[in-house]
**Q** 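Below you will find the structure I want to go over with you.
Naming: A, B, ... by sequence-line order, numbering from 1 per chain.
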Amino acid sequence: MKLVIAYIAPFKLDEVRDALKGAGVTGLTAINAQGFGRQSGHTETYRGAEYEVDMVPKVRIEVLVDDTLAPTVISTIETTARTGSIGDGKIAVLAVEDVIRIRTGERGRDAI
Amino acid sequence: MKLVIAYIAPFKLDEVRDALKGAGVTGLTAINAQGFGRQSGHTETYRGAEYEVDMVPKVRIEVLVDDTLAPTVISTIETTARTGSIGDGKIAVLAVEDVIRIRTGERGRDAI
Amino acid sequence: MKLVIAYIAPFKLDEVRDALKGAGVTGLTAINAQGFGRQSGHTETYRGAEYEVDMVPKVRIEVLVDDTLAPTVISTIETTARTGSIGDGKIAVLAVEDVIRIRTGERGRDAI
Amino acid sequence: MDSGATAWMLTSCALVLFMTPGLAFFYGGMVRSKNVLGMLMKNYVAMGIVTITWVLVGASLAFSGAVEIGGYNVIGNFDLWGLRELGMSNDHFGLPYPDNVQMMFQLMFAIITPALISGAIAERMKFTTWAVFVAIWSIIVYAPMAHWVWGGGFIADQVGAFDFAGGLVVHINAGAAALALLLVLGKRTGWRQQAIRPHSLPLTILGAGMLWFGWFGFNAGSAFNADEFAGNAFLTTQIAAAVAATVWILAEQVMHGKPTTLGFVSGAVAGLVAITPAAGFVGPLGAMAIGAASGLICFSALRLKFMFNFDDSLDVIAVHLVGGIIGALLTGLLAEELYSGGLFVAGIEQFGRQALSVVIAFAFSFGMTFILAKVLDMTMGLRVTVVEEQSGLDLSLHEEQSYVMAE
Amino acid sequence: MDSGATAWMLTSCALVLFMTPGLAFFYGGMVRSKNVLGMLMKNYVAMGIVTITWVLVGASLAFSGAVEIGGYNVIGNFDLWGLRELGMSNDHFGLPYPDNVQMMFQLMFAIITPALISGAIAERMKFTTWAVFVAIWSIIVYAPMAHWVWGGGFIADQVGAFDFAGGLVVHINAGAAALALLLVLGKRTGWRQQAIRPHSLPLTILGAGMLWFGWFGFNAGSAFNADEFAGNAFLTTQIAAAVAATVWILAEQVMHGKPTTLGFVSGAVAGLVAITPAAGFVGPLGAMAIGAASGLICFSALRLKFMFNFDDSLDVIAVHLVGGIIGALLTGLLAEELYSGGLFVAGIEQFGRQALSVVIAFAFSFGMTFILAKVLDMTMGLRVTVVEEQSGLDLSLHEEQSYVMAE
Amino acid sequence: MDSGATAWMLTSCALVLFMTPGLAFFYGGMVRSKNVLGMLMKNYVAMGIVTITWVLVGASLAFSGAVEIGGYNVIGNFDLWGLRELGMSNDHFGLPYPDNVQMMFQLMFAIITPALISGAIAERMKFTTWAVFVAIWSIIVYAPMAHWVWGGGFIADQVGAFDFAGGLVVHINAGAAALALLLVLGKRTGWRQQAIRPHSLPLTILGAGMLWFGWFGFNAGSAFNADEFAGNAFLTTQIAAAVAATVWILAEQVMHGKPTTLGFVSGAVAGLVAITPAAGFVGPLGAMAIGAASGLICFSALRLKFMFNFDDSLDVIAVHLVGGIIGALLTGLLAEELYSGGLFVAGIEQFGRQALSVVIAFAFSFGMTFILAKVLDMTMGLRVTVVEEQSGLDLSLHEEQSYVMAE
Ligand SMILES: Nc1ncnc2c1ncn2[C@@H]1O[C@H](COP(=O)(O)OP(=O)(O)O)[C@@H](O)[C@H]1O
Ligand SMILES: Nc1ncnc2c1ncn2[C@@H]1O[C@H](COP(=O)(O)OP(=O)(O)O)[C@@H](O)[C@H]1O
Ligand SMILES: Nc1ncnc2c1ncn2[C@@H]1O[C@H](COP(=O)(O)OP(=O)(O)O)[C@@H](O)[C@H]1O
């Protein structure tokens, strides 16, 4: 099983979630985050004090998937979160040793 | 060492934390999250505009543990976070290559 | 590739980010979190009701790095986030199987 | 009619109306974030419902005519229903401003009183039942009490108690009702087991600022004129609030080692409550005494709920019931002829009258509310389910989210 | 001059000014968190810009002199520019308080009217263009309309319509302009595809409380005195707001199964809007009728934007245009001699006059605003880019962040 | 006594009291989220402490009797201590409303002045020391200054300077004290190294709205009557705020490319500050000039703290000290007989008097505050520890959390 983490633009969340749902994903968890990357930040000026803010609001989503579904999840995120401009974000894939569904105690693939 | 991630209902956080403490866990990190899963969402109606909201508030907790403690951590979360209704959440276990305590520079098991 | 996770004191975020930037890191993601650990909590008293609050505000940062850069990232975080008092936080290192840049579809090291 | 008096009373009406949003935020900040809309709504809805019940019948029952039982004037009649007969004069009340302004001023009091109760039942009461409760309560509990004290009824007349701006009618009334209602309703799930902390003290502090501001209309408006008595009530209000707030954080400093912002604003409200019955009868130094007494005693009264194990979620008993009693009693001891316009003489006799009025007000409000709560519990049900409570009232009662920070 | 009247009008000026921050938060809570500063700014800036245009020329065009076209008094002159000639007397208006207070009172109305429009164009309009729009609109649309209705112009005079506190001048005017502007501007990216939810209902509810409070200055201040007419306008305002809010949540309960906090405050605002033209002419029961009608009809009017597919983001049409029309028309049917001081007689004839005035106001405001919007669109551009819209107006227009919870 | 004047002054008292919560939120939104309660508390506590010091001795020192030193009336006496002797008449001040109202009005000024200082010492000052500072400062700095300018003292009498509503007594006084206190206190850890951004601009914008609203009581109340002078002060207040806010965002547009919401509200406050000493003496066009000057100059003065390297956290110097000086000086040039009721003639001579009064006020306030700050620093300590600063004042001073979004 894999844990697919993606950092995406906040306004893409709905679209990505719906696409993943369409692709057969049965769950995901999203978190508000601040990202720093190649996307140039911006200057905020508060009463003459200028701050270079290079953290931009991002959403971090996390999907636990079965190995076989992982490529679909990745390509679905890629397709729907892409706008083509810097800041579209990244996807990381990690191996998961075990998954447990709290409600039932199911483990592994069945728990997802 | 393992990283145990759990998505649980927010009102369970205190209980889970206390139980983990009781089970010998010396630290954890919690984050507010939005989860989508089997738990059916709800409809929110703002001035006649209906939105199917399938993201529900969850808390994501993360515990770094020694391999030997991992099963206890998992079962403790399972027991305390379980209400038996859909939405209780999931636990994922990942392998951790190294842990460092910033304050002391300790590494590995000692750092947890 | 590695995913380096660090839990640090919020007021250290700017410093750590700048140091990582200096060390060649091209991106990171930060999230507000609540941590429980050895750092003793505090008592909050609201109208006579005392609560032992052992969760303190932390920032959780996450850096995807190439294997070769990982040690630098770790030591940079260690050095800049350290104050020497309990609560400085922890760093965890996880293996990453793949990274994808959404914008370009690049994979692996190039995607970071 | 006097345009200056009218101007001040119009202003006072607006100020007192503003207290209900103020109270909503004072309370709303203290609940958990999943319940904030539920809390705000329980307050705001009083502005809707009580206006309707008041205009239709409440005002008339409180301020028109007299029905006597055994020589005691216990309730008004229905002559003023719908406020049709009020017309555009000041004939009914004979005050230096129009009758419609007086009815409006009294309406604002009728609104905030049940709203005050909502703090005791936070985070677990059904909205529909609350709405029905407020409607009925405003007619069968508030209107009679207002009649007894301000509408020519027996508390003013036969008991001879004085209540300048609502120690009995508003605060003891709301406090006693809160106690009855919370006893029937029961405790929040997890009370004293989980940390149930205020989700946004800035909202609470904002609400307290709005309350303090609006309270000048409440108390100085209760002089029913723009004159030195209004000025004095204004001054004593400010003093009592300030002293009680300061005393409260001093007590915190001594007892817990740290003064808190919640403590400061709680103290301020306690002082405002306690000065309410006394505002137009005492002077600056009397106000200081009342402020100090209420700051200390209400602070200590916070412990009652832990001692007797009832979940008065936002401390309506400790602040409004206890504060109201302190004010009602001290009025009997500290009133001065100069400030009360020679209306009455403080002393042990007056103290007795005040005490008797407190007992009557408490007993009536507690008893009636208890019965009403029981009836509603058996019919509509008072409480949400445990699952609804856990998801939070915002979602389960209103299907809305308080804070959506997604984008 | 009468000091009581002056006192109440000064207070009313302050209350009406306070409505614009109130409106800003009412609207600001309803947008997504990335656009809240953009929304607040579009409202606050009206307090800056309109004050300037009003003092320089607007006040004069609305309230000084008369330019006739074909026997119709259509606009004022420039004699009062800069308010220099106003002096310190009450000679110009002949009211029981100084002319400068009257100009101030009218200014506060001139400020909030364009601010109302901003709800319709939320989350996508450029700030600079908005600022220019507000400046020009306040002169070429607001000032003439105010002149026609309140400045001796032909709507009062020849059409014979009555507008107590701004059904035509404020609400229909703002509503019609909102419709014109949003048609030129177009829909938000993702409208009806994405969930676009209010980011902070507590802010909206707070704003509604401020609006309700300030509205007493708006309506009861429009009696231009501190007397029984002001008192009655105050009372009808409270009643209409309360009834409309209650009716709205009842409708929600029936239609969607849950009453919402957003519904309650939306209903309250709808009731406040609808009573505005009528406040000083109807009595308590008339106010109930207007409240009930506006609660129900405005609630139903929410569907218009989905039926006709226009993105009236925060429902300015359903609440202000529709609410204003309800009030303007019902004034013609429900006004009573007693309450209007014998000013006019309700009936089918007056209803016709009211209807005609509604048509004129709508047509003028819609037409002028449409042209203005087109011109601005072709010159400065009305809309931000899609990328700016996606990042949010706070960052792209003001380079500020609304909530920084980092530390 | 006049009931209209009394009505307006009671209202003004309430409005000015409301400014302190307004200021608290204006400031509170600008600090980091870990310090917001600390900031709110430093403001609110002034409502507690200063009420006590004022009633006990401050009011008497400022407004009762005269102690002369070398022919200069420098301070009052203790005859009015506890406000006992004030009674219920208007004999003491001879104004058209009761003396207790006048004392209340003056109290509200005494409260907000030290609260203004708190912006300069944000995010690093101990609460207990602040509380003691406020208590002492209100007696040894505020009361004398009020006496000199408004209590018959030598600035009004011998220097012959005019200060309508508090340019000297409130703004220059607070600004000079802020400078002294921040110099003793030192900079925040990380100042100019870390990004220290406002954590909630909506709170700041809300606070600004409350301030703007309340300021009408401040300035138009300072006419001490409900008449054309109050009306004019109201009008000039509105104009100056509007012009300064607009000019400020124009300056931002030119200098930084974007107008900001923080800029708009900062400009509004700068305009309100600058018009304060002039409000009742200039007309609409004079108010425009003062608004424009303060908008531009205060905006430029933001740079001072970077040039001279002092951490005036929330720009009390740039806004209140500089704004106050602009207003005090321009009063000498722009006052017109018509508006000032023939009180004085503008001109180079009056300008000189105003300038002298500025120097005296600055020197006295700065000097006294510097000594007081030094003494407190050596005894109680002014600053929290670095660790406390890093954890934030909410936790370290009050052991409370501002936002708990857990559930
Ligand atoms: N090395 C990294 N580690 C963790 N998160 C990263 C890393 N690089 C980028 N991110 C996340 O991805 C987001 C987009 O990255 P950025 O470099 O700006 O654009 P792009 O991915 O299009 O090159 C960042 O805001 C950050 O949240
Ligand atoms: N595949 C997944 N990946 C990541 N998070 C998930 C996944 N499935 C569920 N979750 C998280 O677990 C929560 C509960 O899941 P849900 O399917 O609703 O209930 P249950 O676990 O009882 O079947 C979700 O709200 C979400 O936060
Ligand atoms: N076992 C753990 N799992 C996850 N997070 C942890 C763990 N232990 C500590 N943390 C995080 O690190 C923070 C600091 O840990 P703490 O034990 O207080 O101090 P230190 O690391 O200096 O010993 C905690 O607040 C928490 O966020």
**Q** What parts of residues 57-65 of chain B touch chain C if we use heavy atoms and a cut-off under 4.5 Å?
**A**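 Only Arg60(B), Glu62(B), Leu64(B) of residues 57-65 of chain B have a heavy atom under 4.5 Å from chain C.
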
**Q** With a 4.5 Å heavy-atom cut-off (strictly below), which parts of residues 93-112 of chain B touch chain C? List them by number.
**A**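 Residues in range: Leu94(B), Ala95(B), Val96(B), Glu97(B), Asp98(B), Val99(B), Ile100(B), Arg101(B), Ile102(B), Arg103(B), Thr104(B), Gly105(B), Arg107(B), Ala111(B), Ile112(B).
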
**Q** Which members of residues 16-30 of chain B, sorted by number, sit under 4.5 angstrom from chain C on a heavy-atom basis?
**A**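 Answer by number: Arg17(B), Lys21(B), Val25(B), Thr26(B), Gly27(B), Leu28(B), Thr29(B), Ala30(B).
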
**Q** Identify the two heavy atoms, one from Pro71(C) and one from Thr68(C), that lie closest to each other, and give their separation to 0.1 Å.
**A**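 Where Pro71(C) meets Thr68(C) most closely, the heavy atoms are CD-O, 3.4 Å.
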
**Q** Roughly how far, to the nearest 0.5 Å, is CG of Asp66(C) from OG1 of Thr72(C)?
**A**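 The OG1 atom of Thr72(C) sits 10.0 Å away from the CG atom of Asp66(C).
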
**Q** Do Ile8(C) and Asp88(C) come within less than 4.5 Å of each other through their side chains, counting heavy atoms only?
**A**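 Side-chain contact under 4.5 Å: no.
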
**Q** Run the numbers on Thr43(C) and Val53(C) for side-chain contact (heavy atoms from CB on, under 4.5 Å), then give the verdict.
**A** CA-CA 6 Å; Thr43(C) 310; Val53(C) 177; over 6 Å; no

**Q** How about residues 74-86 of chain C versus chain B: which residues have heavy atoms under 4.5 Å apart?
**A**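 If one takes a 4.5 Å heavy-atom cut-off, the residues of residues 74-86 of chain C near chain B are Ile74(C), Ile77(C), Glu78(C), Ala81(C), Arg82(C), Gly84(C), Ser85(C), Ile86(C).
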
**Q** Please give me the minimum heavy-atom distance between Lys90(B) and Arg38(B), naming the atom from each residue.
**A**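 Residues Lys90(B) and Arg38(B), closest heavy atoms: NZ-NH1, 4.3 Å.
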
